[in-house]
Amino acid sequence: MSPLAALPSVEKLAAALTPEVPLPRPLINLFIRRQIQHYRQLLLAKEEHSREEIEDSIREKLREFANSRLQPVINATGVLIHTNLGRSPLGPRAAQALQKIATGYSNLEFDLPSGTRGKRAGYLENALACLLETESATAVNNCAAALVLTLRTLVQEGKNEVIVSRSELVEIGGGFRIPEILETSGAKLVEVGATNKTHLHDYQKAITPQSALILKVHRSNFYIDGFIGEPEIPELAQLAHDNGLPLVEDLGSGAMMNTDELAPIEHEPTPQECLRRGIDLVIFSGDKLLGGPQSGIIGGRADLIAQIKQEPFFRAVRCDKLILTTLQESIDQYLETKTDPTQADVPVLKFLRSPIGDLQERAQKIIAQLPRDQAEITIEQTLARPGGGTMPRSEFPSIAVKLIPHKQSISKLAKRLRLGTPALVGYTTDDALFLDLRTIFPETDSLVTQALQSALS
Ligand SMILES: *Cc1c(COP(=O)(O)O)cnc(C)c1O
């Protein structure tokens with residue numbers, strides 16, 4: 001018999017797997033066809049596989065593929081702004097606004113008083129400038145895009161040198177590095193100073209007629225300590241301005257309130273502070289500590305923002321109505337709670353503030369409902385982290401449910417929880433699985449309990 005006789009039929013296998021895997025049928029068909037093609041090659045190359053083996057493997061791979069579909073996850077990692085888990089969740093108010101704008105028509109580019117074409121994001125830009133206490137502001141798709149756009153706008157033929165301290169040539173994540181971002185933007189990097197120390201005169205010596213701007217990059221995902229030093233922002237701003245150069249800062253996260261007042265963590269610089277000290281343009285993310293949608297905000301001097309908005313690349317990275325809606329909602333909330341920004345309805349800020357006693361109580365409630373014969377289950381003091389490339393030194397007290405399963409491995413238990421609905425993601429050490437309460441929405445505690453009950457059965 002031909003070895004190819006082991007290959008299942010696409011139609012039959014698809015019909016068998018369709019009830020198990022909730023994906024559109026054409027996608028299941030395509031996936032199976034590709035897998036069978038793959039096994040055809042193996043069989044022709046004399047690698048033996050039985051039909052059963054092939055079917056089981058395709059079923060398993062199809063399930064894994066189905067799991068890659070974007071879906072809700074319960075974050076039990078204790079990392080508040082988890083880049084892999086979608087960074088900041090939106091608050092209910094932003095979600096409601098999103099629902100309304102997404103499912104209907106809106107005045108996105110329509111001026112209602114005159115009944116003619118209107119300005120996109122006009123309201124948002126005003127609200128942003130007001131919140132940042134600066135002349136002007138705008139927003140694009142993300143912080144990296146905001147940086148590229150700003151650099152592209154401010155460098156030109158023969159005047160394209162961007163001066164950056166060697167202590168700030170960072171990798172912002174996912175392999176993206178400041179020197180490469182500069183190159184993409186048509187800028188020529190001029191490095192100054194040393195890894196640990198950069199002096200004002202280092203910047204001064206680097207200024208030439210070809211200089212376009214001085215760039216500061218916030219060390220958001222690492223820190224340096226020891227014999228270090230850099231000029232204060234006001235003196236660097238003075239130097240830049242004396243030479244007719246803008247001083248731009250990529251701030252990364254950019255908190256809207258004093259983070260050190262919310263939890264025992266570092267003070268994350270706010271965009272307002274930077275601008276007050278003399279930065280001409282500040283750039284930061286909308287979905288880190290701000291707690292809005294993925295976006296990149298640029299605020300500062302009106303003449304520079306106007307130039308940025310005229311750069312053709314702006315059109316390529318402009319926000320769509322869904323982002324504009326949720327960002328508008330986030331910014332309005334901060335404006336409304338300006339006297340006490342800790343009151344803004346932003347989930348990550350609530351998580352930062354949650355008292356340890358509340359977390360303890362919730363953990364107790366969860367474990368009281370779990371079977372005790374399947375695992376050793378305890379409540380542990382742990383450390384949560386802001387994450388998302390913010391405040392790399394800040395760990396602060398939290399509470400986790402700790403599980404040491406008796407009859408299955410820790411990795412097996414963790415995997416079962418990850419593959420549940422909703423998916424539950426904790427973290428493991430050599431000897432236990434931890435589910436940190438700080439990043440779990442209290443209203444999903446019952447889902448956590450159910451997930452554990454089922455995974456421990
Ligand atoms: C996070 C970060 C970025 C990138 O922000 P995105 O919104 O992901 O594009 C850029 N610069 C710094 C310093 C950051 O911390």
Side-chain angles (χ1 to χ4, degrees), residues 79-90 128 132 137-152 154 162 164-185 187 189 198 213-224 230 233 247-256 259 265-271 273-275 279 281-300 308 313-314 316-320 322-324 326-327 330-331 346 348 385-394:
V79 179
L80 272 76
I81 304 167
H82 199 303
T83 301
N84 303 151
L85 301 183
R87 286 200 186 155
S88 288
L90 293 172
L128 274 172
L132 299 179
T138 192
V140 293
N141 279 338
N142 54 58
C143 183
L147 181 58
V148 172
L149 173 65
T150 303
L151 291 168
R152 278 181 74 107
L154 299 182
V162 174
V164 191
S165 160
R166 290 201 168 88
S167 67
E168 297 173 7
L169 294 175
V170 310
E171 174 167 321
I172 58 180
F176 288 96
R177 295 176 171 163
I178 291 296
E180 286 146 19
I181 288 182
L182 257 67
E183 203 183 305
T184 308
S185 317
L189 170 64
T198 303
L213 62 117
I214 297 178
L215 178 67
K216 291 281 297 170
V217 183
H218 179 52
R219 287 186 284 269
S220 47
N221 51 12
F222 73 107
Y223 62 93
I224 56 174
E230 59 184 28
I233 292 293
L247 178 61
V248 177
E249 179 155 19
D250 172 11
L251 199 55
S253 185
M256 284 300 144
T259 47
I265 53 175
E266 289 161 77
H267 176 78
E268 179 76 8
T270 70
E273 285 163 7
C274 296
L275 291 163
I279 297 282
L281 284 178
V282 68
I283 299 169
F284 58 99
S285 282
D287 60 341
K288 288 184 180 171
L289 276 168
L290 185 105
Q294 175 183 302
S295 49
I297 296 163
I298 314 170
I308 285 172
F313 187 64
F314 180 77
V317 292
R318 69 178 188 177
C319 300
D320 80 326
L322 307 182
I323 295 191
L324 291 175
T326 43
L327 189 55
S330 306
I331 300 306
V346 174
V348 283
R385 283 184 289 131
T390 59
M391 298 178 277
R393 257 179 297 189
S394 294

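We count ligands from 1, going down the list as the structure has it; atoms in each ligand are counted the same way.
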message = Could you walk me through whether Ile178 and Leu189 satisfy the side chain to side chain contact (heavy atoms under 4.5 Å, CB included) test, starting with their C-alpha distance in whole Å, then the side-chain angles of each, then the deciding distance to 0.1 Å, before giving a yes or no?
response = CA-CA 9 Å; Ile178 291 296; Leu189 170 64; 5.7 Å; no

ask   = How would you list, by chain and number, the residues with a heavy atom under 4.0 angstrom from ligand 1?
value = Arg87, Asn142, Cys143, Ala144, Ile172, His218, Ser220, Asp250, Gly252, Ser285, Lys288, Gly389

task = Return yes when atom CD of Glu180 has more than 12 non-hydrogen atoms of other residues, nucleotides or ligands closer than 6.0 Å, and no otherwise.
result = yes

Would you tabulate the side-chain donor-acceptor contacts of residues 81-90 under 3.5 Å, counting partners in other chains and residues two or more places apart, or write 'none'?
unit_1 : atom_1 : unit_2 : atom_2 : d
His82  : ND1    : Asn84  : N      : 3.2
His82  : ND1    : Leu85  : N      : 3.4
Arg87  : NH1    : Asp287 : OD1    : 2.9
Ser88  : OG     : Asp287 : O      : 3.1
Ser88  : OG     : Lys288 : O      : 2.5

ask   = Can you tell if the side chain of Leu147 reaches within under 4.5 Å of the side chain of Phe176, non-hydrogen atoms only?
value = no

query = Within the distance-only criterion (no hydrogens, no angle test), does the side chain of Glu168 pair as donor or acceptor with the backbone N or O of Ser165 below 3.5 angstrom?
reply = no

task = Could you grab the distance from atom OG1 of Thr150 to atom CZ of Phe314, nearest 0.5 Å is fine?
result = 10.5 Å

